[in-house]
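Heads up, the thing below is written out as structure tokens.
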Amino acid sequence: RIFLQLLHLFSSQVATVTDYGAFIKIPGCRKQGLVHRTHMSSCRVDKPSEIVDVGDKVWVKLIGKEMKDDKLKLSLSMKVVNQGTGKDLDPNNVALDQDERKKRSFRDYTSQKITLEAVLNTVCKKCGCKGHFAKECFMQPGGTKYSLIPEEEEEEVAAAGHGGDKKTSLADEPSKKRKK
């Protein structure tokens with residue numbers, strides 16, 4: 001155990017290759033560590049057997065230790081170590097931190113409804129109109145006041161304006177809206 005605390009970067013042999021990664025022999029003890037397929041290369045790895053074979057010499061970095069069921073489980077990474085020279089490509093573990101952030105679960109907010117009532121029901125302190133805050137107000141002192149027209153009124157005015165008269169052309173519609 002003291003050996004594992006001192007050693008974080010080492011060269012060793014592949015002991016076993018599975019569908020989810022490769023187990024690497026830890027030098028100086030009978031323990032093995034797992035290089036998950038996501039830590040084999042910076043590129044996507046679907047089949048670890050395409051990257052390594054049993055007996056291959058690889059450079060790995062110890063990236064995690066976990067006690068599970070009274071057994072020490074070691075997580076290793078090949079992608080943060082130059083496989084030719086054994087140089088640590090991520091000495092400050094920046095890439096590992098970024099990988100951890102990517103793994104965090106994404107919250108699905110699509111089922112939650114968004115209502116804008118709080119903004120629509122506010123009254124501007126600057127002009128006294130509804131539907132916006134004073135910091136968003138564009139009214140000049142002594143100028144024309146603008147406010148939002150509720151949707152119900154627009155539908156009623158449109159229905160009253162057209163009544164039963166379907167001869168009204170589309171060109172007349174904008175002029176009726178301006179008269180409001």
Is it the case that the side chain of [X] and the backbone of [Y] share a donor-acceptor pair, with hydrogens and angles ignored and the cut-off at 3.5 Å?
{"X": "D90", "Y": "A95", "result": "yes"}
{"X": "S77", "Y": "K61", "result": "no"}
{"X": "N82", "Y": "T85", "result": "yes"}

Gap separating the [atom1] atom of [X] from the [atom2] atom of [Y], nearest 0.5 angstrom:
{"X": "L74", "Y": "E66", "atom1": "CG", "atom2": "CD", "answer": "10.5 Å"}
{"X": "Q83", "Y": "S41", "atom1": "CD", "atom2": "OG", "answer": "9.5 Å"}
{"X": "K79", "Y": "I51", "atom1": "NZ", "atom2": "CD1", "answer": "12.0 Å"}
{"X": "K31", "Y": "K73", "atom1": "NZ", "atom2": "NZ", "answer": "8.5 Å"}

Heavy-atom side-chain contact between [X] and [Y] under 4.5 Å:
{"X": "L76", "Y": "M78", "answer": "no"}
{"X": "T18", "Y": "F23", "answer": "yes"}
{"X": "V14", "Y": "D53", "answer": "no"}
{"X": "I26", "Y": "L62", "answer": "no"}
{"X": "L72", "Y": "K65", "answer": "yes"}
{"X": "H39", "Y": "L96", "answer": "yes"}
{"X": "V54", "Y": "Q13", "answer": "no"}

If every non-hydrogen atom of [X] is compared with every non-hydrogen atom of [Y], which pair is closest and at what distance?
{"X": "L9", "Y": "V81", "value": "CD1-CG2, 3.3 Å"}
{"X": "K57", "Y": "S11", "value": "CD-OG, 4.3 Å"}
{"X": "R37", "Y": "P48", "value": "CB-CG, 3.9 Å"}
{"X": "A15", "Y": "K25", "value": "CB-CG, 3.8 Å"}

Count I, L, V, M, F, W, Y as connected when their side-chain heavy atoms are under 4.5 Å apart, and connections chain through other members. Are [X] and [Y] then in the same cluster?
{"X": "V52", "Y": "L89", "result": "no"}
{"X": "Y20", "Y": "V58", "result": "no"}
{"X": "F10", "Y": "M40", "result": "yes"}

Quiz item: Taking everything shown except D19 itself, do over 12 heavy atoms lie less than 6.0 Å from its CG?
Solution: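 Check fails, neighbour count at 12 or below.
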